[in-house]
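Below is one structure, written out as structure tokens, with a few remarks after it.
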Amino acid sequence: MDRIRVLSGIRPTGRFHLGNYLGAAKNWVALQEEHECFFFVADYHALTTEPDGHKVEDKVFDLTSDLLAVGIDPRRSVVYQQSKVPEVAELTLLLSMVTPLSWVMRTPAFKEKAKQHPDNVNLGLVSYPVLQGADIVIVKGMGVPVGKDQLAHLELIREVVRRFNRTYAPVFPEPRALLTEEPLIKGTDGKMRMSKSVGNIVGVTDEPEVLRKQILSMVTDVKRVYKTQPGHPRTCNVCAFYKFFFDDWQHYWDLCRKAQIGCHDKKKLLAERIIETFRPFREARAELTPEVVTRILDEGSEKARIVARQTMVEVRQAVGLPAYS
Ligand code: TRP
């Protein structure tokens with residue numbers, strides 16, 4: 001693929017976990033090799049479910065530290081904080097003028113969030129994908145690495161962009177999803193997708209004791225009651241994780257099938273392996289001081305803002321608004 005501008009964001013709503021890493025950040029690190037990347041912490045988006053920004057602040061810092069620790073490189077990529085590019089809020093407003101309400105009400109993510117927080121179905125939640133679209137097109141992002149759950153948003157964003165371009169002037173390129181090929185990462189309950197809001201996560205840069213506790217709490221093969229019974233690795237979530245962390249995972253799947261390893265031992269082994277695999281990330285994170293992280297975010301946000309301002313000059317002209325003074 002030719003070098004393109006890639007953009008993606010992640011919401012600062014809890015601890016950085018394995019689903020975030022295997023499903024997103026790992027791929028971002030790889031994309032930096034070939035593309036011009038913009039990666040940001042979506043703190044405006046976090047306000048759709050936690051309106052108190054003070055509670056989001058520490059999470060922005062934590063999440064940025066984690067992203068840097070796992071290999072997002074600020075010398076290669078623009079790493080920034082969404083709300084430090086306030087032009088994105090203005091663009092959201094302007095895109096919302098060409099977004100039919102029925103389109104946003106239809107998205108699965110909206111329906112799901114509205115069900116989760118029935119007492120807080122605010123306008124910001126409805127326009128979540130419009131803000132997401134503004135994130136992308138304000139820097140004229142072309143490729144958007146996302147998981148399957150975000151494809152509906154991407155489709156909607158493309159429609160909004162087409163409509164904007166048709167209504168005013170062709171300001172924006174149409175972004176497309178770069179689908180992350182990772183299979184679904186389930187949480188410690190073995191049922192739901194790993195997610196901060198479900199509370200079924202396994203961390204990445206957390207201390208070994210924390211990781212051990214999380215991994216040992218994983219639900220294993222429910223059909224296997226006794227250690228002497230053969231296991232069913234295909235349907236066991238712990239075995240699914242072996243695929244990510246052991247080159248010889250098949251060997252362990254065989255042991256499990258032959259009842260030569262118990263579920264608890266499998267979890268203990270997995271825990272130690274994960275702890276060891278992420279040791280360099282924990283060490284890199286421990287080296288990051290608050291000053292360094294703040295400086296990286298400030299500098300990255302400044303860079304993103306320069307690009308955003310330029311886009312907004314074109315947008316205001318296309319829409320028929322006065323130029324910035
Ligand atoms: N909506 C994404 C999520 O919940 C996060 C996000 C916000 C994003 N803005 C974006 C992803 C722009 C890609 C591009 O995971």
Side-chain angles (χ1 to χ4, degrees), residues 4-28 31 35-50 56 59-60 63-64 66-67 72 77-89 91-92 95-96 104 107-114 116-117 124-158 160-161 172-180 182 184-185 193-198 201 300-301 304 307-308 311:
I4 57 170
R5 184 169 285 175
V6 163
L7 171 136
S8 200
I10 179 167
R11 275 178 313 144
T13 49
R15 286 292 300 165
F16 183 70
H17 59 73
L18 261 179
N20 298 139
Y21 178 63
L22 296 174
K26 192 176 173 197
N27 186 36
W28 296 4
L31 285 164
H35 300 291
E36 182 194 18
C37 296
F38 283 65
F39 297 125
F40 67 96
V41 176
D43 56 344
Y44 277 148
H45 273 110
L47 299 179
T48 57
T49 48
E50 173 45 82
V56 178
K59 291 179 180 152
V60 171
L63 183 55
T64 308
D66 285 322
L67 292 174
I72 299 297
S77 303
V78 182
V79 181
Y80 61 105
Q81 182 172 351
Q82 186 184 32
S83 69
K84 287 196 171 202
V85 186
E87 288 77 6
V88 93
L91 182 55
T92 303
L95 290 180
S96 74
V104 277
T107 64
F110 169 68
K111 289 188 189 158
E112 194 184 306
K113 282 267 152 43
Q116 270 175 11
H117 308 269
L125 193 61
V126 183
S127 57
Y128 184 112
V130 187
L131 175 56
Q132 187 169 349
D135 290 331
I136 300 167
V137 297
I138 204 158
V139 300
K140 301 193 178 179
M142 299 281 287
V144 188
V146 285
K148 267 211 208 94
D149 64 306
Q150 295 287 313
L151 285 182
H153 283 174
L154 251 291
E155 262 325 297
L156 184 145
I157 289 163
R158 285 163 62 89
V160 172
V161 166
F172 301 122
E174 250 180 64
R176 66 190 165 82
L178 304 175
L179 190 63
T180 308
E182 291 299 345
L184 182 72
I185 316 284
R193 191 169 157 234
M194 191 176 285
S195 142
K196 308 160 252 213
S197 49
V198 179
I201 66 167
S301 302
V307 181
T311 305

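As the structure lists them, so they are numbered: ligands from 1, and atoms in each ligand from 1. All values below were derived from every heavy atom in this structure, side-chain atoms included, with hydrogens, water molecules and symmetry-related copies excluded.
Set against the non-hydrogen atoms of His45, the atoms of ligand 1 under 4.0 Å away are 7 (C), 9 (N). Ligand-side atoms of ligand 1 in range of Leu7: 12 (C), 14 (C), range being under 4.0 angstrom from any heavy atom.
At a heavy-atom cutoff of 4.0 Å, ligand 1 is contacted by the side chain of Arg11 but not by its backbone.
Distance from atom 4 (O) of ligand 1 to its nearest protein heavy atom, with residue and atom name: Tyr128 OH, 2.9 Å. For atom 9 (N) of ligand 1, the closest non-hydrogen atom of the protein is Asp135 OD2, 2.7 Å. The nearest heavy-atom contact from the protein to atom 6 (C) of ligand 1 is Gly9 O, 3.7 Å.
Electrostatic pairing of Arg193 and Asp149 counts as a salt bridge here, judged by a charged N lying under 4.0 Å from a carboxylate O.
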* Check the pair Val137 / Val161 against side-chain contact (heavy atoms from CB on, under 4.5 Å), numbers first and verdict last. => CA-CA 8 Å; Val137 297; Val161 166; 3.6 Å; yes

* Check step by step if side-chain contact (heavy atoms from CB on, under 4.5 Å) holds for Ile136 and Met142. => CA-CA 8 Å; Ile136 300 167; Met142 299 281 287; over 6 Å; no

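Proximity annotation for atom 14 (C) of ligand 1: of Val41, Ile157, Val144, Asn20, Val144 comes nearest, heavy atoms only. Considering only non-hydrogen atoms, atom 3 (C) of ligand 1 lies nearest to Gln150 out of Gln132, Gln150, His153.
Residues Phe39 and Thr64 are not in side-chain contact: their nearest non-hydrogen atoms beyond the backbone lie 4.5 Å or more apart. For the pair Phe40 and Leu67, the minimum side-chain heavy-atom distance is 4.5 Å or more.
Looking at His45 and Gln82, their side chains do bring a donor and an acceptor atom within 3.5 Å of each other.
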